[in-house]
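Data block below; observations after.
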Amino acid sequence: MAAQQSDQFKKVIAHCKEYGFIYQSSEIYDNLSAVYDYGPYGVELKNNIKQYWWKAMVQMHDNIVGLDAAIFMHPKTWKASGHVDAFNDPLIDNKDSQKRYRADVLIEEYMEKIEKKIDKEVAKAGKRFGDAFDEQQFRETNDRVLRNQQKFDEARDRLAKAMTDGDMEELKNMILEYEIACPESGSRNWTDVRQFNLMFSTQLGNIAGEEGKLYLRPETAQGIFVNFLNVQKTTRQKLPFGIAQIGKAFRNEIVARQFIFRMREFEQMEMQFFVAPGEEMKWYEYWKEARMKWHKALGTPDEKLRFHDHDNLAHYANAAVDIQFDFPFGFKELEGIHSRTDFDLSQHQELSGKKMQYFDPEKQESYVPYVVETSIGCDRMFLTVMSQALQEETVPDAKGKDSTRTVLKIHPALAPIKCAVMPLLKNREELTSKATEIFNDLRFAFSCQYDEKDAIGRRYRRQDAIGTPYCITVDFDTLEDNTVTIRDRDTLEQERIPIDQIEKIVREKVSMKQLLKD
RNA sequence: GCGGAUGUAGCUCAGCUGGUAGAGCGCAACCUUGCCAAGGUUGAGGUCGCGGGUUCGAAUCUCGUCAUCCGCUCCA
């Protein structure tokens with residue numbers, strides 16, 4: 001991370017706080033770790049981001065519909081989705097290197113080593129015996145191979161049992177018995193194995209116990225999957241079709257940092273697209289392109305965005321790609337596009353005993369659809385917008401000298417405040433009353449602000465700092481000919497326009513239409 | 001969670017070896033001001049992150065705790 005980029009990140013965080021975009025949660029109680037509140041301008045910007053997504057995904061597609069599922073779901077949901085198992089990481093620390101590892105991964109690596117030993121032995125024997133070599137027979141009879149194979153099998157069985165039983169002590173014992181050393185320090189000075197469950201739990205009813213245990217959803221997708229048939233039937237959708245949802249999700253991250261990039265409570269904007277088996281890769285490619293286009297429409301330069309293929313796929317996916325953004329701390333995942341196969345629906349079908357199938361009228365058969373998912377972090381999108389928007393410029397001041405201008409160059413369609421109305425001077429009643437009149441009319445159309453305090457230049461700069469794209473100024477000419485000046489945030493240029501044209505002109509400039517048109 | 005650094009006004013910080021808090025900017029009111037962070041006057045704001053301990057006395061020393069930042073791990 002370059003020092004300059006790090007500076008930019010600090011500036012973004014400070015700006016968010018100072019101008020009412022984002023505050024840390026529970027600040028008066030010394031904050032709650034990795035939880036943030038959106039302030040007055042933050043909530044406007046976030047709502048606009050959500051609206052842009054919803055418009056693009058739901059309202060502009062005939063075959064995508066919306067959903068708002070509850071945060072609480074039946075506990076079996078998370079068994080089916082694999083989160084109960086996959087989100088339980090047994091972790092162990094090496095006291096000397098102070099590195100943290102997943103205990104099960106350490107044991108798996110140990111097993112791999114044994115496997116390699118066996119393969120080496122077999123390869124060696126193969127060379128020795130030449131064409132007459134019978135690998136099967138060698139593996140079944142060679143002493144050294146058999147001994148290693150036995151070790152391997154034992155480790156595999158013990159690991160499997162310990163993982164299903166959640167037996168942390170056994171994992172620790174295995175690491176000690178197998179004399180597994182820290183890859184970094186070579187030391188065998190380990191802490192105990194501790195379980196970290198990434199799901200938050202609470203209980204249903206007021207009696208604590210396993211039966212009533214509920215989880216706060218770690219992803220919004222499952223609310224869509226369990227409602228798949230409800231939505232399909234009530235909206236008479238045919239494959240392919242999608243269900244979109246914006247909502248909160250919760251993960252008890254071990255380390256949650258980097259401002260709103262990784263939070264314990266966060267908001268996802270997800271769309272699950274249901275397709276016929278065999279067509280998933282076609283749609284996977286389609287959504288890859290469509291989602292990238294959505295990002296670029298905001299004016300994000302090409303070099304700030306890239307695709308990044310997943311090296312190891314999650315338990316539910318057969319293809320997965322990230323859209324990464326060049327955050328001030330480097331390229332990081334902003335959105336994921338996953339081909340989730342029929343994993344989720346099949347799992348739910350199995351655990352619930354209810355059919356999760358679609359009857360295809362053309363093929364005259366029923367099947368479990370495949371799913372292609374697009375999933376974007378709303379808060380990360382917010383950070384994306386903020387971190388490119390915040391700029392410092394050198395512009396001439398009233399005396400023609402250089403001064404620094406802090407400006408948020410947010411796309412007008414996303415800007416929290418679309419337009420500010422201000423009288424040139426505040427001690428002239430004829431100016432303030434005219435400006436107030438214009439403001440009171442415009443506020444019906446957009447989020448507007450009225451400001452008469454301080455010098456006009458300062459007021460412009462204040463609007464720059466919160467990203468307001470247009471400022472309307474009422475001056476003495478206004479009283480003569482009913483025109484005002486409209487100032488552009490980015491070019492600083494002013495244009496004279498008639499009062500009755502303000503709404504039309506601003507509306508056009510802040511519309512999402514330009515973002516969504518081809 | 002582990003290791004390191006940090007925590008004083010809304011913000012950025014000063015406060016030396018312990019003697020009970022300041023600056024700049026910002027904010028509020030009034031005056032002034034004919035277009036890009038102008039000027040003047042007045043004013044509000046801090047039990048120095050929180051809780052113990054040492055001391056006649058702690059923002060300053062010590063322990064604990066909470067939080068933030070930087071590394072390790074994970075992910076939207």
Side-chain angles (χ1 to χ4, degrees), chain A residues 1 6 9-10 13-15 17-20 23-35 86-87 89 91-102 105 184 191 194-196 198 218-221 248-264 266-270 310 314 322-324 329 332-338 373-381 383 393 395-400 403-407 422-428 431 453-465 471 473-477 485 487 489 492-494:
Chain A
M1 191 197 298
S6 167
F9 189 40
K10 277 182 190 151
I13 296 168
H15 195 87
K17 198 200 163 185
E18 285 192 49
Y19 289 90
Y23 314 118
Q24 268 224 281
S25 165
S26 317
E27 212 181 72
I28 63 164
Y29 292 108
D30 284 331
N31 309 321
L32 183 60
S33 181
V35 184
F87 269 36
D89 292 342
L91 299 178
I92 188 165
D93 291 337
N94 183 272
K95 288 177 189 164
D96 297 320
S97 65
Q98 279 157 9
K99 298 267 176 186
R100 165 166 296 174
Y101 302 92
R102 277 178 52 177
V105 171
E184 190 90 354
T191 63
R194 285 159 300 175
Q195 181 119 27
F196 285 84
L198 260 47
E219 65 173 18
T220 53
K248 288 277 178 84
F250 305 83
R251 284 185 201 173
N252 200 356
E253 298 286 348
I254 304 158
V255 173
R257 241 182 294 168
Q258 281 165 319
F259 195 41
I260 56 169
F261 184 78
R262 180 167 298 115
M263 298 195 286
R264 299 218 157 90
F266 60 101
E267 201 153 12
Q268 290 183 311
M269 303 193 287
E270 289 197 324
H310 279 217
D322 292 341
I323 292 177
Q324 293 189 331
F329 41 89
K332 296 276 176 178
E333 180 179 3
L334 167 63
E335 172 158 7
I337 295 137
H338 305 133
E373 163 190 85
T374 75
S375 173
I376 173 168
C378 186
D379 312 279
R380 286 185 181 183
M381 190 60 204
L383 190 54
E393 290 181 343
V395 293
D397 66 11
K399 294 174 192 118
S403 69
T404 305
R405 177 172 88 118
T406 300
V407 54
M422 38 189 79
L424 187 58
L425 299 172
K426 80 163 170 181
N427 58 353
R428 302 296 170 87
L431 292 181
K453 279 174 198 147
D454 303 307
I456 189 77
R458 178 189 287 281
R459 281 179 269 163
Y460 287 147
R461 297 299 175 84
R462 264 206 291 263
Q463 294 302 328
D464 288 342
C471 291
T473 304
V474 172
D475 58 18
F476 292 98
D477 290 346
T485 61
R487 169 199 183 258
R489 177 195 66 201
L492 300 179
E493 273 165 22
Q494 283 178 289

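Each chain gets a letter, A, B and so on, in the order the sequences are listed, and its residues count up from 1. Predicted, not measured: the structure shown is a model, and the values here were computed from it. All values below come from the heavy atoms of this structure, side chains included, with hydrogens, waters and symmetry mates left out.
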Any [X] side-chain nitrogen or oxygen under 4.0 Å from OP1 or OP2 of [N]:
X        : N     : value
A:Lys17  : B:C11 : yes
A:Arg380 : B:C75 : no
A:Arg458 : B:A37 : no
A:Arg462 : B:C27 : yes
A:Gln494 : B:C36 : no

Is [X] side chain donor-acceptor paired with the [N] base, going by distance under 3.5 Å alone?
X        : N     : answer
A:Arg405 : B:C36 : no
A:Asp464 : B:C36 : no
A:Arg262 : B:C75 : yes

(request) For A:Lys453, answer base if it contacts any base atom (sugar-phosphate contacts may also be present), sugar-phosphate if it contacts only those atoms, and nothing otherwise; contact means non-hydrogen atoms under 4.0 Å. (result) sugar-phosphate
(message) Does A:Asp379 reach a base, just sugar-phosphate, or nothing at all? Heavy atoms under 4.0 Å.
(response)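 Since no nucleic acid heavy atom lies under 4.0 Å of A:Asp379, the category is nothing.
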(request) Could you check how far CG of A:Leu334 sits from P of B:C75, rounded to whole Å? (result) 17 Å
(request) Return the stacking result for B:A76 and A:Phe266: yes when the ring centres lie under 5.5 Å apart and the planes under 30°, no otherwise. (result)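 Stacking between A:Phe266 and B:A76: present.
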(request) Just label B:G15 as syn or anti from its O4'-C1'-N9-C4 or O4'-C1'-N1-C2 angle, using within 90° of 0 for syn. (result)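 The base of B:G15 is oriented anti (glycosidic angle more than 90° from 0).
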(request) Check every atom of B:C35, B:A38, B:A76 against the side chain of A:Ala455 and return the nucleotide holding the closest atom. (result) B:A38
